[in-house]
Amino acid sequence: MQGLLSYTIQRLLWAPVILLFVSFFAFALTRLGPVDSVDVLAGPRADDEAKDRVRQELHLDDSIFEQYGVYMKNLLIEGDFGESVTIYRGVPVWDIIWPRMLVSVQFGIVALFFAFSIGTLVGVFAALRQGTWLDPLSISSFLFFQSIPVLVSLPFLVLIFVVKLGWLPAVGWGGPEIDIGPQEIALGIFSKHIILPALVLSLPGMAGVARLVRATTLSVLGEDYVRTARAKGLPELQVVRNHVVRNSLLPLVTVIGLSLTTLIEGAFFVELILGIPGIGQLGFQAAQSRDYDVILALVLVIATAFILINIVTDIAYTFIDPRIRFGSQGNN
Amino acid sequence: MGSAVVDIPGEAEEEARQPSISPWRAALRRLLRKKIAVIALLLIGAFYFVGLFAPLLAPCRLSFCPLSTQDYRSQDLDNTLLGPSLEHPFGTDRLGRDQLSRVIWSARTTIIVTIATVVAGSLLLSVGLGLLSGYMGGKVDTIIMRTGEAFGSLPALPMLILINATMRDRVRGWVDGFERNLSTGDPAFIAVLGILTLVAIIGIVAWLLESRRNGGWIALSVVAAFLILALWGLQAVFATPGASDYFLIFGALSLFFWVGSARVIRSQVLALRETEYVIAARSMGAGTWRILGSHLLPNVSPIIIVGVSASLGAIAGSEIALTFLGVGVHDPTPSFGALIFDGGTSQPVIRNHPHLLIFPAVVVGMLIFSFNLLGDALNDVLTPKAR
């Protein structure tokens with residue numbers, strides 16, 4: 001157990017280092033990247049004097065390290081991400097991000113659930129049908145759905161289900177509203193609005209999970225204990241359920257992080273095309289109107305979530321499969 | 001996978017009967033035996049052909065083009081949003097621009113960005129850093145791999161958006177500056193080219209004259225030739241409109257696309273480092289660069305090919321995604337991202353003019369699917385484990 005503990009500590013200590021690196025990299029980009037960020041901050045018609053005043057107010061003349069120190073101090077101690085400059089002038093960035101995050105998380109979770117549940121079922125089914133005519137069909141269709149980017153598949157789904165068939169609501173987000181402080185958000189889980197985003201976001205993940213499960217199931221099917229189970233006369237359903245599926249699902253833990261990337265990146269396109277007020281749409285607006293602090297905060301929030309989830313899956317996987325842990329020690 | 005197992009004895013026998021066949025030829029033969037891989041290769045080949053020869057192929061550069069100025073940019077406001085017809089096979093967009101021409105020129109954009117990113121990110125960065133960190137070990141390894149881990153543990157798209165949104169104007173300024181200083185008529189440019197050519201010739205001559213044929217001279221001339229090509233290429237790229245967008249995109253993409261293959265290459269090098277032939281080379285006094293270049297590089301090249309083919313689809317997809325989000329290539333340079341944005345984001349357009357969405361989206365879908373099919377097939381063919 002010693003190895004596991006030290007591995008966990010090592011991973012947990014590594015997280016703040018990466019976050020520090022990321023936050024500095026992102027911060028430096030927003031402050032040093034634009035030719036003159038004051039142009040945006042002060043508005044298009046500001047004269048030189050006004051620009052100087054803005055520069056002083058925001059401490060833009062200080063060195064980048066001092067600015068970073070101030071930003072991080074505000075962020076860590078007061079949870080203050082600064083204020084929006086162009087989209088919602090003067091509104092604290094966190095008040096803009098928080099409600100939108102809750103919207104994105106709703107269909108993200110549903111999509112993740114669909115991806116893993118349906119993907120697993122389909123993958124096991126495809127593995128059991130190996131060698132039949134279904135096999136090449138299923139392999140290529142998995143690869144197809146995994147390949148097609150969300151920004152290509154979504155307009156087609158809109159064309160079919162919204163425009164031609166009229167089954168789903170046109171655009172936007174709706175449902176019973178709840179109050180969460182800065183504003184009210186709609187619980188889309190209880191409305192038809194969630195179907196399209198969850199469906200389109202889960203497709204690539206579902207196909208990826210199905211491919212992985214198919215491959216691992218095939219290798220498990222060749223194991224001795226499966227043959228033993230069949231030889232002792234267990235019904236096929238029981239063999240599959242108790243001996244095959246249990247063992248072939250282990251590697252799935254590793255792709256949770258990966259499918260999260262797909263989800264976050266897909267959210268940008270889904271929200272933009274369907275007009276859902278989530279973080280993806282906010283990121284687009286912020287990039288368009290150069291509201292750098294909003295993008296910065298978004299990047300930091302997403303990166304933090306991302307790194308934490310990666311670490312949790314790493315540790316979980318080490319917990320499940322001791323070979324990983326010993327393998328990593330062997331390399332050193 | 002079952003059928004592959006059955007194939008092995010037959011293939012091995014066949015290869016044993018012809019001992020002269022090189023592993024690359026064998027791999028190519030195995031690849032061409034896969035029907036799906038061949039179809040994918042043909043589709044990708046067609047895409048590249050169309051994109052590279054866009055100036056000749058796009059109908060709005062040919063004499064039968066109905067538009068007066070004959071360009072993918074030329075607008076015809078009397079004929080906006082036309083459906084597909086003989087004159088405009090893919091219809092026209094909201095400014096009356098020929099959609100087929102725009103699709104063809106978008107292919108060119110995709111090609112430029114994918115090739116630049118593969119060369120800069122996948123080949124130079126990931127191969128170089130992967131080899132280095134695997135072979136050197138120790139501090140170098142730690143620094144390279146930790147940096148890679150930091151980049152790899154980030155969601156790429158938000159970072160790319162941030163980079164593109166903040167750096168756009170600055171990169172445009174740099175590129176404009178380069179463009180002014182790097183014109184072909186400039187005497188300094190010609191002098192540098194002349195010196196490089198001289199170096200290349202000296203390298204080749206010295207290599208031919210020397211009795212032991214030391215690899216150092218030929219390497220020198222290869223480097224010189226590479227620099228010449230790079231200078232010419234840069235000069236040509238800078239001269240095209242929208243060059244700064246290309247630079248920003250491929251620079252930002254390279255930052256994120258080297259990590260995966262560098263990691264795989266490193267692990268392979270870690271294993272190869274202890275093989276007899278590397279130890280033998282080292283004991284004969286071969287330097288680090290020689291071992292890396294002539295012993296390790298050839299042995300990791302199958303992995304490099306698999307890695308590159310796997311990342312091509314992702315790179316093409318990222319460029320399209322960034323442009324879709326408005327932080328990639330900008331109008332009037334066409335890109336699939338912009339085409340799909342125009343055709344697929346507003347419902348009235350989807351309802352009334354679906355051709356604006358369908359043609360570019362189908363091309364993009366087929367391209368990325370083909371890239372992935374090819375990557376899968378190459379993986380089967382080149383990775384010993386999968387065989």
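Residue numbers start from 1 in every chain, and the chains themselves are labelled A, B, ... in the order their sequence lines are given, proteins ahead of strands. Remember, predicted model here, so these are calculated numbers, not experimental data. Worth knowing before you read on, the calculation uses all heavy atoms, side chains too, and leaves out hydrogens, waters and symmetry mates.
Tested against B:Ile350 for a side-chain contact (heavy atoms from CB on, under 4.5 Å), the candidates A:Val162, A:Val158, A:Ile273 yield a single pass: A:Val158.
Both the backbone and the side chain of B:Arg146 come within contact range of chain A, each with at least one heavy atom under 4.5 Å from a heavy atom of that chain. For A:Gln288, the part lying under 4.5 angstrom from a heavy atom of chain B is the side chain only. With a threshold of 4.5 angstrom between heavy atoms, A:Phe284 approaches chain B through side-chain atoms but not through N, CA, C or O.
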task: With side chain to side chain contact (heavy atoms under 4.5 Å, CB included) as the test, would you mind laying out the steps for A:Phe156 and B:Ile358 before giving the verdict?
output: CA-CA 8 Å; A:Phe156 275 105; B:Ile358 290 172; 3.9 Å; yes
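Between B:Leu162 and A:Leu296, the shortest heavy-atom contact is CD1-N, 4.4 Å. In this structure, A:Ala287 and B:Ile161 approach most closely via the heavy-atom pair CB-CG2, 3.7 Å. Across every non-hydrogen atom of A:Ser147 and B:Phe369, the tightest pair is OG-CD1, 3.6 Å. Nearest heavy-atom pair, A:Val299 versus B:Pro158, reported as atom, atom and distance to 0.1 Å: CG2-O, 3.7 Å.
Between B:Phe341 and A:Leu272, the closest side-chain pair of non-hydrogen atoms falls below 4.5 Å. You'll find the side chain of A:Val152 stays beyond 4.5 Å of the side chain of B:Phe324, heavy atoms only. Under the 4.5 Å side-chain criterion, counting only non-hydrogen atoms from C-beta, B:Ile368 is in contact with A:Pro149. The shortest side-chain heavy-atom distance between A:Phe269 and B:Leu157 falls under the 4.5 Å cut-off.
Rounded to the nearest 0.5 Å, atoms CD (A:Gln146) and CG (B:Asp376) are 9.0 Å apart.
Counting heavy-atom pairs closer than 4.5 Å to chain B, the top-ranked of the candidates A:Ile148, A:Ile264, A:Ile302 is A:Ile302. Ranked by heavy-atom pairs under 4.5 Å with chain B, the first of A:Ile18, A:Ile295, A:Val17, A:Leu151 is A:Leu151. Interface summary for chain B: among A:Val150, A:Leu159, A:Leu154, the most heavy-atom pairs under 4.5 angstrom belong to A:Leu159. Annotation: maximal heavy-atom pairing with chain A below 4.5 Å, among B:Gly343, B:Ala321, B:Gly317, occurs at B:Ala321. Contact count versus chain A (heavy atoms, under 4.5 Å) is highest, among B:Ile340, B:Ile320, B:Asn372, B:Thr147, for B:Asn372.
Taking a 6.0 Å sphere around CD1 of A:Ile87, one finds it holds more than 12 heavy atoms contributed by other residues, nucleotides or ligands.
Applying the side chain to side chain contact (heavy atoms under 4.5 Å, CB included) test to B:Phe256 and every residue at least two apart in sequence or in another chain returns B:Phe151, B:Leu154, B:Ala156, B:Met159, B:Leu160, B:Ile163.
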